[in-house]
Every structure is written in C-alpha cells, then in structure tokens.
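A short write-up of the structure that comes next.
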Amino acid sequence: MSTLSLSSALFVVAATAAGGGVAWLAASLHYRTKLALASAQVEQAERAKHSAQELAVQSRQQVEALQQALSEAKRDGVIQNAAASARAQAAAAAAAKAAQEKARADLVAQLDAADAGQPAAHGFADTQPASNFGKLRR
C-alpha cells in the first residue's frame, strides 16, 4: 500500500496551483491580445462611421446649394434664355444650310442652262469613237 506523504501531497497541490497560474497567465495574455485587436477594430469602425457622417453632411449641403442655385436660375430665367438661344442658333444654322443648298441648286441649274445652250467648240460630239472597235468584234 502506498500512501502519499504530506510533502508529496503538498508538492502535488503546489504544482497544480502553479500549473493553474501558468494556464491563467497564458489565457489572460491570449484574450488580452484578442480584446486589444477587437478594440482597435471598433475604434476604426467608429472613425469610419464619423467620416461617413461628415461626408453625408457635406453632400447634403452641396445638394442644397445646387438646388438653391437651380431655383435661382429658373427664377431669373437663365435656363429658359439659354434654351431659347440654343433653339435660335439651331434655327439659324438650319436656315443657313437651306440657303446654302438653294444657292448650290441655283448654281447647278445656271451651269446646266449655260451648257445646254452652247454647242461644242469644234462642232463635233464630246465623245470620240473607239479606234479599236473593229478589233473587238472578232
């Protein structure tokens, strides 16, 4: 029969306590590192959220300023004037193109009339008979 002596029992208890302490220390360091990483991620998310809120406020201010400028432009008639001037420019360009086409047609008609009333200078037709016409008949 084997019995544990008091010193062996105390050694086992002390070793168990020391092992538990080492395990607690290792777990404490491990989870402290995990908590630090999680805290850093939360802090980064908070900074990103704050930045996104600032950008949203800026974009709302820009939209408001643009809407105000648009309403002022509509009130002042700038947009209608610009549209009317664009339509007038388009109409003027179309009229100029039509006038150019009419002038070209008139010029072609004058040239055709001048050519029709004038015979060739040498009295013969402008085309010459083929000199090798007999050779092609073979």
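If you're wondering where the values come from, they're calculated on a predicted model, not measured in any experiment.
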- Rounded to the nearest 0.5 angstrom, the NE2-CG distance for H30 and L25 is 13.5 Å

- Distance-only donor-acceptor check, side chains E46 and H50, under 3.5 Å: no

- Message: Assess the residue pair Q61 and V57 against the criterion (side chain to side chain contact (heavy atoms under 4.5 Å, CB included)); give the C-alpha distance rounded to whole Å, side-chain angles, the decisive distance to 0.1 Å, and a yes or no.
- Response: CA-CA 6 Å; Q61 289 172 348; V57 167; 3.8 Å; yes

- Query: Is T33 reaching over with its side chain to a backbone N or O of L29, donor-acceptor style, under 3.5 angstrom?
  - Reply: yes

- Task: Look at the side chain of T16 and the backbone N and O of V12, then say whether any donor-acceptor pair between them is shorter than 3.5 Å.
- Result: yes

- Item | Within 6.0 Å of CD in E54, more than 12 heavy atoms from elsewhere | yes

- Item | Salt bridge flag under 4.0 Å for residues R60 and E64 | no

